[in-house]
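This is a predicted model, so every value here is computed, not measured. Numbers restart at 1 for each chain; the letters A, B, ... are given by sequence-line order, proteins then strands.
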Amino acid sequence: LHEEEIKRLFSDFLQRKSGIVGHGLKKIVRSLLWENYSPPNIYMDTQIAVYLLNPAEASYALPSLVTQYGERNFTIGEKTEEGQLDLDGGPQIAQMEAAQEALCASVLVEPLQRAIEEQNLMDLNNEIEIPLIIVLAEMEYLGIKVDLARLTGLRDELKNEVEEIRKIIHELAGEEFNINSPKQLQVVLFENLGLKPGKKTKTGYSTNAQTLEKMKDDHPVINHLLKYREVEKLRSTYGEGLLAVVGEGERIRATFHQTVTRTGRLSSDAPNLHNIPVRTDKGKVFREAFIAKEDWALLVADYNQIELRCIAHLSGDSGLIQAFEAGEDIHTSTAAQVFGVSPSAVSKAQRERAKMVSYGLIYGMEAWGLAQRLGIGNKEAASILNSYFGAFPSVKDYMESTVQIAKERGYTETLFGRRRRIPELSSPNAMTRSLGERQAMNAGIQGLAADIFKIALVNLNHKLKEKKMASRIVLQVHDEVILECPKEEISEAEEVTIEIMGSAFAMSVPLAVNISSGITWSEAK
DNA sequence: GCGATCACGTT
DNA sequence: GTACGTGATCGCG
């Protein structure tokens with residue numbers, strides 16, 4: 001057989017009507033894309049099927065899954081030691097392992113398919129997760145372009161700055177020590193300088209930013225330490241870290257994991273592109289280093305307040321729904337209802353508090369959590385929470401019934417049927433049980449938002465191809481999607497993106513989408 | 001080399 | 001307060 005003939009036969013196999021099966025297919029799809037194959041027709045990814053059945057699965061190693069989910073008595077041979085692979089075994093061993101993997105996956109298909117059907121996870125699997133494999137594989141394959149000179153410049157600046165602050169700190173401390181070592185820092189602060197310690201950690205006294213913040217007035221070194229931490233974090237994690245993973249075409253290619261989080265969200269690693277700084281001026285400049293290729297631009301679209309909108313939809317709370325329909329600033333609207341004043345009379349402080357409560361709500365916050373956050377007493381926090389629930393009573397009902405149902409069943413379910421077991425709910429430990437309750441409240445909200453966002457990703461990728469557009473998705477950050485577009489295609493891409501994201505799922509509140517474009521990620525914000 | 005610990009970036 | 005991933009240090013083997 002000629003090579004071309006083999007390629008054609010392989011292509012036909014990948015496109016077969018009945019679809020292909022594999023374990024962790026995204027990686028394979030990515031390899032196929034590098035070899036110029038079209039994305040395959042997927043029937044099942046056993047890894048994803050297991051994830052849907054239990055998003056807390058400890059390991060996705062095939063032999064253990066076969067034992068756990070397979071119905072046949074089935075043992076596979078000794079796994080080859082990694083080190084031997086290249087030495088003597090050669091390609092035969094890799095082929096043998098691939099064959100074993102395929103065999104394991106094939107044994108799993110039927111029982112997994114049945115379990116997926118039994119738990120009503122068919123739609124989630126077939127309409128969302130499986131199509132998403134291709135979208136993510138293409139995103140990973142493309143990667144996002146970075147401005148190498150800019151990134152290097154940032155790294156170098158930070159390096160110099162860290163060095164300067166380091167000298168000052170050693171001067172003020174009166175000794176040389178490793179500032180990166182919390183252990184050494186503790187000795188310097190609490191023993192040698194005699195400062196008063198605050199919070200404790202498992203092994204000693206805390207030196208985290210929150211604690212240091214409170215010690216600001218006790219010694220001039222504290223402010224420099226805080227600065228050092230900020231700059232050193234940026235230098236190491238983002239400066240050095242990102243430079244180390246720049247690949248072909250000056251692009252960074254992260255891996256987006258589909259089977260990691262308990263909630264249905266994606267995670268990103270090598271590098272993690274989900275936590276690129278944005279909060280501080282010093283940090284957010286890194287977003288200027290993420291760019292579009294020559295004559296193209298980045299288009300950034302994100303859902304406005306999607307999780308709070310999910311709460312409004314799930315609870316059916318008329319007040320909250322009304323607040324969103326008004327189309328005004330949501331925190332001002334909620335503050336007006338919570339504090340019983342007209343929106344125009346809402347003070348800055350009131351808006352800020354309402355905002356805190358709204359965010360807290362998403363995380364299943366209780367009174368003491370809010371107190372911590374706002375730096376107020378427990379009583380006052382309870383009273384704010386009370387007025388909030390007074391203004392939005394159905395939200396309170398929803399939270400309570402969510403926890404109740406989760407306790408009865410032992411798991412939560414999103415609107416789309418995504419399940420998550422929460423064993424913490426039956427813990428004998430009260431702290432752990434509270435954690436379980438927060439997890440239960442958060443799971444349905446964050447999970448629904450994740451489901452909606454995944455639908456949008458799948459639909460958007462599909463629409464771009466259908467319209468034969470050159471624009472493509474290059475990055476995803478939980479409720480935000482970044483496209484790289486030829487400049488002349490931008491306005492069309494904006495239209496398409498807003499339409500697709502806005503209509504991903506019909507809720508009792510509108511799905512609002514913010515959109516903008518620019519040469520850099522920062523500019524398109 | 002590996003895991004635990006601490007700290008910290010995002011949503 | 002949810003959910004993650006990474007860098008650095010340090011003690012263990």
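- Under 4.0 angstrom from either OP1 or OP2 of C:dC10 there lies at least one side-chain N or O belonging to A:S181.
- Separating the CD atom of A:E230 from the C1' atom of C:dA8 is a distance of 18 Å, rounded to the nearest angstrom.
- Of the candidate nucleotides B:dT11, C:dC4, C:dT6, C:dC4 has the atom lying nearest to any side-chain atom of A:V260.
- Between A:R235 and C:dA8 there is a side-chain N or O to OP1 or OP2 distance below 4.0 Å.
- Across all strands shown, A:Q446 has heavy atoms under 4.0 Å from base atoms, whether or not it also approaches the sugar-phosphate.
- Using a 4.0 Å heavy-atom cutoff across all strands shown, A:T207 reaches sugar-phosphate atoms only and no base atom.
- A donor-acceptor pair is defined here as one N or O able to donate and one able to accept, closer than 3.5 Å; such a pair exists between the side chain of A:T201 and the backbone of A:G204.
- Summarising the geometry of A:V513 relative to A:A301, their closest heavy-atom pair is CG1-CB, 4.2 Å, with the distance given to 0.1 Å.
- Distances shorter than 4.0 Å separate some side-chain N or O of A:Q184 from OP1 or OP2 on C:dC10.
- Separating the CD atom of A:E232 from the P atom of B:dG9 is a distance of 12 Å, rounded to the nearest angstrom.
- Each of B:dT5, B:dT10, C:dT2 was ranked by its minimum atom distance to the side chain of A:Q439; first place goes to C:dT2.
- What separates CD of A:E307 from C1' of C:dT2 is a distance of 8 Å, to the nearest Å.
- Using a 4.0 Å heavy-atom cutoff across all strands shown, A:G360 reaches at least one base atom of the nucleic acid.
- Under 4.0 angstrom from either OP1 or OP2 of B:dG9 there lies no side-chain N or O belonging to A:T237.
- A:A209 comes within 4.0 angstrom of the backbone, heavy atoms only, and of no base.
- Looking at A:E424 and A:R438, no side-chain N of the basic residue comes within less than 4.0 Å of a carboxylate O on the acidic one, giving no salt bridge.
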Just the atom pairs and distances: protein N or O near nucleotides 11-13 of chain C's N or O, under 3.5 Å.
unit_1	atom_1	unit_2	atom_2	d
C:dG11	OP1	A:K183	NZ	2.9

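- The shortest distance between the side-chain N/O atoms of A:S206 and the OP1/OP2 oxygens of B:dC6 is not below 4.0 Å.
- The shortest heavy-atom contact between A:F290 and A:L298 is O-CD1, 3.6 Å.
- Taking the side chain of A:R287 as heavy atoms from C-beta on, and the options B:dT10, B:dT5, C:dT6, the nearest nucleotide is B:dT10.
- The nucleotide whose nearest atom lies closest to any side-chain atom of A:N272 is, among C:dG1, B:dT11, C:dT6, C:dT6.
- For the pair A:S401 (side chain) and A:Y398 (backbone), a donor-acceptor distance under 3.5 Å is present.
- Among the heavy atoms of the strands lying under 4.0 Å from A:L435 are primed sugar atoms or P, OP1, OP2 only; no base atom is included.
- Nearest nucleotide to the side chain of A:M365, out of B:dT10, C:dG1, C:dT9: C:dG1.
- Nucleotide B:dG9 holds its P atom 13 Å from the NZ atom of A:K282, rounded to whole Å.
- Residue A:E480 is out of contact with every strand shown, counting any heavy-atom pair closer than 4.0 Å.
- Distances shown here put every side-chain N or O of A:R262 at or beyond 4.0 Å from the OP1 or OP2 atom of C:dT2.
- The side chain of A:D269 lies closest to C:dT6, out of C:dT6, B:dT11, B:dT10.
- The shortest side-chain heavy-atom distance between A:K282 and A:K227 falls under the 4.5 Å cut-off.
- If you check every strand for non-hydrogen atoms under 4.0 Å, A:R265 touches a base.
- An OP1 or OP2 oxygen of C:dT2 is reached within less than 4.0 angstrom by a side-chain nitrogen or oxygen of A:R438.
- In this structure, of B:dC6, C:dT6, B:dT11, it is C:dT6 that holds the atom nearest to the side chain of A:K233.
- If you take CZ of A:F453 and C1' of C:dA3, they are 15 Å apart, rounded to a whole angstrom.
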Can A:S267 and A:H257 be said to form a side chain to side chain donor-acceptor pair (under 3.5 Å), step by step? CA-CA 5 Å; A:S267 79; A:H257 295 279; 5.1 Å; no

Only pairs under 3.5 Å count here: list side-chain donor-acceptor contacts from residues 356-364 of chain A, not counting sequence neighbours, and write none if there are none.
unit_1	atom_1	unit_2	atom_2	d
A:S358	OG	A:A354	O	3.1
A:S358	OG	A:Y388	OH	2.9

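- Of the candidate nucleotides B:dT11, C:dA3, B:dT10, C:dA3 has the atom nearest to the side chain of A:T263.
- Going from atom CZ of A:R279 over to atom P of B:dT11 covers 10 Å, rounded to whole Å.
- Using a 4.0 Å cut-off between a side-chain N of Lys or Arg and a carboxylate O of Asp or Glu, A:R235 and A:E163 do not qualify as a salt bridge.
- A straight line from NZ of A:K202 to P of B:dA4 spans 10 Å, rounded to a whole angstrom.
- Side chain of A:T261, nearest nucleotide from C:dC4, B:dG9, B:dC6: C:dC4.
- Atoms CG (A:L242) and P (B:dG9) sit 15 Å apart, rounded to a whole Å.
- Of the listed nucleotides (C:dA8, B:dG9, C:dC10), C:dA8 has the atom at the smallest distance from the side chain of A:S236.
- No hydrogens or angles were tested; on distance alone, a donor-acceptor pair under 3.5 Å links the side chain of A:N275 to the base of B:dG9.
- Counting non-hydrogen atoms under 4.0 angstrom, A:I276 reaches the backbone sugars and phosphates but no base.
- Around atom CD of A:E248, no more than 12 heavy atoms belonging to other residues, nucleotides or ligands sit under 6.0 Å away.
- In this model, the phosphate group of B:dC6 is approached by a side-chain N or O of A:T201 to a distance below 4.0 Å at OP1 or OP2.
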